[in-house]
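Let me begin by presenting the structure, written as structure tokens, before commenting on it.
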Amino acid sequence: MRKMKIAVLVSGGGTNLQALIDYEKSHEDCPYHIQIVIADTKKAFALERAENAGIETEIVSPYAVLGAEKAKTVSKEEKRIAVSDAALSAAKSCGCDAVVLAGWLTVLSGKIIEEYSNRIVNLHPALLPKFGGVGMWGHNVHEAVLAAGEKESGCTVHLVDSGCDTGEILVQKKVPVLPDDTPETLYARIALEEHKAMVEGVCKLAEMILQNNLN
């Protein structure tokens, strides 16, 4: 069975990566294979999860790709491009068909957006198009949802384009916002749905890519 080879890009604990690992391990008909896990920081616990699963890893932090001295002097955009180009190189060298952003905090820039056009998915912790864009990540999102008095929230898996959280939506999962919610309790409720949405979104991308390859 032809499987979509993916590079999973991470920055933190890697719970969504773990959901992808567990699904692949427990389903023979899983349409994707995790080829490599790429982190923009050496401190990401997701790297340990990958290593425990026998998956190749690579670190593409600004310090790793630019060197310590240069990383201190270049602009934020130059860092983004350097990290993005390094991630692109790592994904291509492993023959990856697609890129999955699973808690990846560096905004992708440059050639990777073009070379993997319609083949990059991101998980966002809100119901896009609401509460997306610059600065809307992590608990910032949940704080904004509560401040706006929303009755529901959730998560979105979407294609990545040159904008910020603006690509085509593939999967959304909804949860209620309760009267006594804090950003932490709302996050905990959404996190359970994130794991399902991540797997469902990547499987949907695999179907799209594999079908296009057959046609």
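Start at 1 with the first residue, then count along the sequence.
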Quiz item: For Tyr23, what residues pass the ring pair (Phe, Tyr, Trp, His ring centres under 6.0 Å) criterion, not counting sequence neighbours?
Solution: His27
Practice problem: Any chance you could pull the hydrophobic cluster mates of Tyr63, using side-chain heavy atoms under 4.5 angstrom and chaining through other members? | Solution: none
Quiz prompt | Interatomic spacing from SG in Cys30 to CG in Asp22 - rounded to 0.5 Å | solution = 11.0 Å
Quiz item: Hey, what else clusters with Val175 if you join Ile, Leu, Val, Met, Phe, Trp, Tyr whenever side-chain heavy atoms sit under 4.5 Å?
Solution: Phe131, Met136, Val141, Val145, Leu146, Val177, Leu186, Ile190
Quiz prompt | Contact check, side chains of Ile120 and Leu101, non-hydrogen atoms, under 4.5 Å | solution = yes
Quiz item: So do Ile21 and Gln18 actually touch side chain to side chain, heavy atoms under 4.5 Å?
Solution: yes
Practice problem: Tell me, please, which residues at least two apart from Ser109 pass side chain to side chain donor-acceptor pair (under 3.5 Å). | Solution: Glu77
Quiz item: Side chains of Arg80 and Pro62: closer than 4.5 Å at any heavy-atom pair?
Solution: no
Quiz item: Side-chain contact, heavy-atom cut-off 4.5 Å: His158 with Leu170?
Solution: no
Quiz item: Quick one: side chain to side chain donor-acceptor pair (under 3.5 Å) partners of Ser26, sequence neighbours excluded?
Solution: none
Self-check item: Neighbour count >12 (heavy atoms, 6.0 Å) for atom CD, Glu184
Solution: yes
Quiz item: With sequence neighbours excluded, what pairs up with Asp165 under the salt bridge (Lys or Arg N to Asp or Glu O under 4.0 Å) test?
Solution: none
Exercise. Give a yes or no on whether a salt bridge exists between Glu193 and Lys196, defined as a side-chain N under 4.0 angstrom from a carboxylate O.
Key: yes
Exercise. Sequence neighbours left out, what passes salt bridge (Lys or Arg N to Asp or Glu O under 4.0 Å) with Lys174? Give chain and number order.
Key: Glu152
Quiz prompt | Leu205 and Leu159, any side-chain heavy atoms less than 4.5 Å apart | solution = yes
Self-check item: side chain to side chain donor-acceptor pair (under 3.5 Å) involving Asp97 - partner list, sequence neighbours excluded
Solution: Arg2
Exercise. Quick one: list whatever passes salt bridge (Lys or Arg N to Asp or Glu O under 4.0 Å) with Glu58, sequence neighbours left out.
Key: none
Quiz prompt | Student check: side-chain heavy atoms of Ile55 and Glu51 closer than 4.5 Å | solution = no
Self-check item: Rounded distance [0.5 Å steps], CD1 in Ile113 versus OG in Ser84
Solution: 7.0 Å
Exercise. Please check if atom NZ in Lys3 has more than 12 non-hydrogen atoms from other residues, nucleotides or ligands closer than 6.0 Å.
Key: yes
Self-check item: Counterpart residues, ring pair (Phe, Tyr, Trp, His ring centres under 6.0 Å), relative to His139 (two or more places apart)
Solution: His142, Tyr187
Quiz item: What pairs with Thr57 under side chain to side chain donor-acceptor pair (under 3.5 Å), at least two apart in sequence or on another chain?
Solution: none
Exercise. Could you tell me which residues satisfy salt bridge (Lys or Arg N to Asp or Glu O under 4.0 Å) with Lys72, sequence neighbours excluded, listed by chain and number?
Key: Glu69
Exercise. Search all heavy atoms of Ala46 against all heavy atoms of Leu17 and return the closest pair with its distance.
Key: O-CD2, 3.5 Å
